[in-house]
Amino acid sequence: MTHKFILMLNDEKISEHDIDKEATIIGRGEQADIRLDHRAVSGKHARIIRVGNKCIIEDLGSTNGTFINSRKMPKHLLQHGETIQIGNYMLRFSHDGQESKQKPEPEMDSDKTMIIQPPSQAKERSKAEKDMPLGAIQMLSGPLTGKSYELVNSLTNIGKGDQCRIKVKGFTVGKQAAVITRRHTGYQITRLEGMSKTRVNGTALGEQQHLLADGDIIELGDIKMQFFIK
Amino acid sequence: MSIEMYAATDVGMKRDHNEDFVGITPSHGFAVLADGMGGHNAGEVASEMSVDISTGFLKENLTDLPIAEIDPETGFTRESVLAKQAAMMANDVIFNTAKQKPECAGMGTTLVIAIFYGDRLTTAHVGDSRMYRLRNETLTHVTEDHSLIQEQVRRGLLTAEEARNSNIKNLVTRALGIEEGVEPDVVEDIVQAGDMYLLCSDGLTDVLPDEAVRLTMVEHMNDMKKMADELIQMANDAGGPDNISVILVHTKKNFQRKKGIFSRLFSRND
């Protein structure tokens, strides 16, 4: 199977590049395999990694970013026909499935686990994750109406028990009725115990955890509260 | 007041050696699982080191620790902070060993640490080994893989089923021992009596869909050994392309660590 890029500038085709190496660098610098001469392109802007018959594009921490189908992506598994935008260049990705029958690729040991993260990227990513958004809960009814709780802890429990950070009274409310856990991907709420069901935007929580979105209304017993991102 | 743990590991059908490593420490309520990779047979060095180092570190530091005290700086419990430190320490040692010994160059490992204390649990993980929770016959992912394919699933570009059938599912975006410093994902959650937790390497989950894992767990709720054996057998029946490891943790009631002599003598709670 051959993979190639058609390089285009202002809707005009400039050149074609076969992706025949394990790693192909795109950038303005001299080490780049595909050189794009434009000031919005970084020296080493992005690279294409070939894994078996798949291609992955990875932004190498460029100043202006790599866009796939108009979305900025740090990393992306390329599909036939997708367009990569770097600076004012467009690269159209295509792979020709026909040829693979005549020239079978050496079989990759796809069960072998491999690591693809370049070190510089890991640092950037972990920095980004440290800046995860802070959520809060504000009481919309009951004796504590208006009070808000910042969800700084990794875990915040809701219920009538003494150990709960957000207290909700009520005969049917569990001691620990629900828990909100903080993750890199956001805040998740899980129901735990009690006859009174915890509802999010009117829907009772099932056994699975639920990812909270900014503005979600949480109801427990006759108390309403709102989740928001600060 | 008890948790039960059971660990099993199997070489699988296609590999000639096992690069997974598992460790359980029921007295202190924690379990560690690692899936090594890279280098000429050095993957198993990395996975064993990561389990040994984190187990030693956690044992030493958990012994006299008050249960679930919050570290005001991070908002995590002290146990979570320790789990993170354990993973980072293992990373340092593996990374330095790989630099010094040519036969270990390029080795790395995934790691999952699960600590149970009071009615809580902390999970710290790096890579694509996983932890699941079975509660009331519902199976939930506790961890989220650090893999390229998981990033695609998160963005909605692939379904979970497509991800399992992809041929790039084994590309991990984070691992221990590859570079200086590592950022483990740490999550805390509430444990309920009757929960069953499963820690496993990708040798299990690459070949078995979640529903097959769930049904097997539900069927053998009363026998952890049978549950573990059956899960491994199913992965082998499906081809067993990789090493398969499982650790099961069954919570009966809130778990309290055994206290060390020092705190037994001086704790006011006793």
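Numbered from 1 within each chain, the chains take letters A, B, ... in sequence-line order.
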Problem set entry | Which of A:Arg182, A:Gln163, A:Gln188, A:Met73 touches chain B most, by non-hydrogen pairs under 4.5 Å | A:Met73

Exercise. Who wins among B:Thr140, B:Leu139, B:Thr122 for the most heavy-atom pairs under 4.5 Å with chain A?
Worked result: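 Winner by heavy-atom pair count: B:Thr140.
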
Problem set entry | chain A contacts, top residue of B:Ile149, B:Asp71, B:Val142 (heavy-atom pairs, under 4.5 Å) | B:Val142

Exercise. Under the side-chain contact (heavy atoms from CB on, under 4.5 Å) criterion, do B:Glu188 and A:Thr181 qualify, and how do the steps go?
Worked result: CA-CA 7 Å; B:Glu188 288 173 17; A:Thr181 55; 5.6 Å; no

Problem set entry | B:Thr173 side chain reached by A:Lys75 side chain, heavy atoms, under 4.5 Å |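 A:Lys75 reaches B:Thr173 side chain to side chain.
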
For this session: Indicate yes or no: at least one non-hydrogen side-chain atom of B:Arg135 is less than 4.5 angstrom from one of A:Leu192.
Result: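 Yes; the side chains approach each other to less than 4.5 Å.
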
Name the region of [X], side chain, backbone, both or neither, that has any atom closer than 4.5 Å to a heavy atom of chain A.
{"X": "B:Glu144", "answer": "side chain"}
{"X": "B:Thr74", "answer": "backbone"}
{"X": "B:His146", "answer": "neither"}
{"X": "B:Ile190", "answer": "both"}

Problem set entry | Side-chain donor-acceptor pair present, B:Asp189, A:Gln209, cut-off under 3.5 Å | no

Kindly compute the distance separating [atom1] ([X]) from [atom2] ([Y]), expressed to the nearest 0.5 Å.
{"X": "A:Asn153", "Y": "B:Ile70", "atom1": "CG", "atom2": "CD1", "answer": "4.5 Å"}
{"X": "B:Asp119", "Y": "A:Asn157", "atom1": "CG", "atom2": "CG", "answer": "7.5 Å"}
{"X": "B:Thr77", "Y": "A:Leu155", "atom1": "OG1", "atom2": "CG", "answer": "8.5 Å"}
{"X": "A:Thr190", "Y": "B:Gln192", "atom1": "OG1", "atom2": "CD", "answer": "9.5 Å"}

Exercise. Is it the backbone or the side chain of A:Val179 that comes under 4.5 Å from a heavy atom of chain B, or both, or neither?
Worked result: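 It is the side chain, since no backbone atom gets that close.
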
For this session: Under 4.5 Å heavy-atom distance to chain B, tell me which part of A:Gln79 shows up: side chain, backbone, both or neither.
Result: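 For A:Gln79, there is no contact with chain B at all, as no heavy atom is under 4.5 Å.
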
Inspect the surroundings of [atom1] in [X] and state if more than 12 heavy atoms from other residues, nucleotides or ligands are less than 6.0 Å away.
{"X": "A:Lys44", "atom1": "NZ", "value": "no"}
{"X": "A:Asp18", "atom1": "CG", "value": "yes"}
{"X": "B:Glu73", "atom1": "CD", "value": "no"}

Problem set entry | Heavy-atom pair with the smallest gap, counting every atom of A:His184 and B:Pro184 | NE2-O, 4.4 Å

